[in-house]
Protein chains: 2
Amino acid sequence: MSNPEFNLDQFLPYVLSRAAEASSLGFQKFYRQRYGMLRTEWRVLFHLGRYGDMTAKAVCERASLHKTKVSRAVRALEKKRFLSRTRQEHDRRHETLSLTRHGLVVYTDLQQLAKEYDAKLASRFTPQEREVLNRCLDKITKL
Amino acid sequence: MSNPEFNLDQFLPYVLSRAAEASSLGFQKFYRQRYGMLRTEWRVLFHLGRYGDMTAKAVCERASLHKTKVSRAVRALEKKRFLSRTRQEHDRRHETLSLTRHGLVVYTDLQQLAKEYDAKLASRFTPQEREVLNRCLDKITKL
DNA sequence: GGTTATTGGTTTGATATGTAACTAACAACC
DNA sequence: GGTTGTTAGTTACATATCAAACCAATAACC
């Protein structure tokens with residue numbers, strides 16, 4: 001069919017999104033089954049767990065997530081008692097998000113699992129490959 | 001916060017999905033703006049355009065898409081007169097999907113744009129990087 | 001100090017997605 | 001030739017997502 005030079009299986013956006021889906025799938029089950037969390041929820045949890053308390057806006061920026069998504073994830077996490085909010089006194093529009101003790105436990109658990117899962121993935125690559133891979137993905141992510 | 005060894009920005013599923021999103025974004029506008037197509041729709045279109053007529057089932061397998069998604073995409077593409085279906089005589093459960101003349105024109109246009117877009121992305125990498133990248137992504141995709 | 005603009009966050013309504021149940025065509029078995 | 005199983009594709013319903021409108025707090029300007 002038409003131009004044989006174009007190979008769909010080497011088209012970067014396509015290949016990337018397939019790889020992303022495949023690699024997410026294996027990890028999903030941990031946060032879904034164990035804690036009934038959604039993808040965006042664990043992302044928010046991870047950001048808070050890894051980088052400490054911050055405002056919803058900050059999460060949006062760090063994680064490149066839209067504010068409506070974050071808003072809903074925060075509500076869900078709050079309902080599960082994984083995080084709590086506190087309005088800032090000097091500017092009552094901002095609210096600081098912090099993990100509860102329970103949330104921190106969950107984060108620690110998932111973080112450990114993530115580390116193991118990542119190690120398993122990484123084991124398929126040589127250190128050089130891994131390095132190139134990270135570098136390339138980083139370049140792509142930044143526009 | 002807790003274990004400083006775990007770096008979210010190197011967690012493969014996370015990094016991959018961000019890169020995938022970023023790289024898709026730039027290409028989206030072509031099929032969205034020009035032809036009002038959705039992601040799944042262009043995937044189906046591309047598979048038919050690139051690999052010729054096939055059944056919906058075959059598209060599912062090749063593109064790793066769920067049959068309901070394909071079903072809906074096919075209907076949408078049919079409505080736009082980009083493809084047509086024909087029941088197979090020897091087994092009336094199967095229907096062969098083929099691009100219409102119009103669909104082929106659209107495919108050719110998008111395929112050209114994809115090639116250019118891909119070249120632009122690829123220009124940021126050395127051939128070696130590109131090779132490693134493809135190899136790694138391929139490994140990840142296959143489990 | 002009242003008007004206008006901006007900003008952090010939420011809500012709403014239209015659209016997309018995933019899961020499971022469904023239909024229709026065929027095959028296999030007796 | 002009727003029962004049972006399987007397969008290609010669709011439908012229905014519940015859920016997730018996106019965009020745009022919205023609200024409330026602050027800032028900026030006069």
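All heavy atoms count here, side chains included; hydrogens, waters and symmetry mates do not. Every chain is numbered from 1, with letters handed out A, B, ... down the list of sequences.
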| query | Would you say a side-chain N or O of Lys69(A) is under 4.0 Å from OP1 or OP2 of dC18(D)? | reply | yes

| Closest nucleotide among dT6(C), dT19(C), dT10(C) to the Glu95(A) side chain | dT10(C)

| message | I'd like to know if Arg72(B) reaches the base of dG9(D) with its side chain such that a donor and an acceptor end up less than 3.5 angstrom apart. | response | no

| note | What residues 22-43 of chain B contributes to the DNA chain C interface at heavy-atom separation below 4.0 Å is Leu38(B)

| said: Less than 4.0 angstrom from a charged side-chain N to a carboxylate O is my criterion; do Lys120(A) and Glu116(A) meet it? | reply: no

| remark: Considering only heavy side-chain atoms of Arg85(A), the closest of dT10(C), dA25(D), dC26(C) is dT10(C)

| field | Candidates dG9(C), dT7(C), dA25(C) - which lies nearest the side chain of Asp91(B) | value | dA25(C)

| When the ring centroid of Phe11(A) is compared with that of Phe27(B), is the distance short of 6.0 Å? | yes

| message | Does a side-chain N or O of Thr68(A) approach OP1 or OP2 of dC18(D) to a distance below 4.0 Å, or not? | response | no

| message | Any base atoms under 4.0 Å from Arg87(A), or only sugar-phosphate, or nothing? Heavy atoms, all strands. | response | nothing

| said: Assigning hydrophobic clusters by single linkage (Ile, Leu, Val, Met, Phe, Trp, Tyr; side-chain heavy-atom cutoff under 4.5 Å), is Leu38(A) placed with Phe46(A)? | reply: no

| base_contact_polar (dG8(C) base, Lys57(A) side chain, donor-acceptor, <3.5 Å) | no

| Under a 4.0 Å N-O cut-off, is there an ion pair linking Lys80(B) with Glu41(B)? | yes

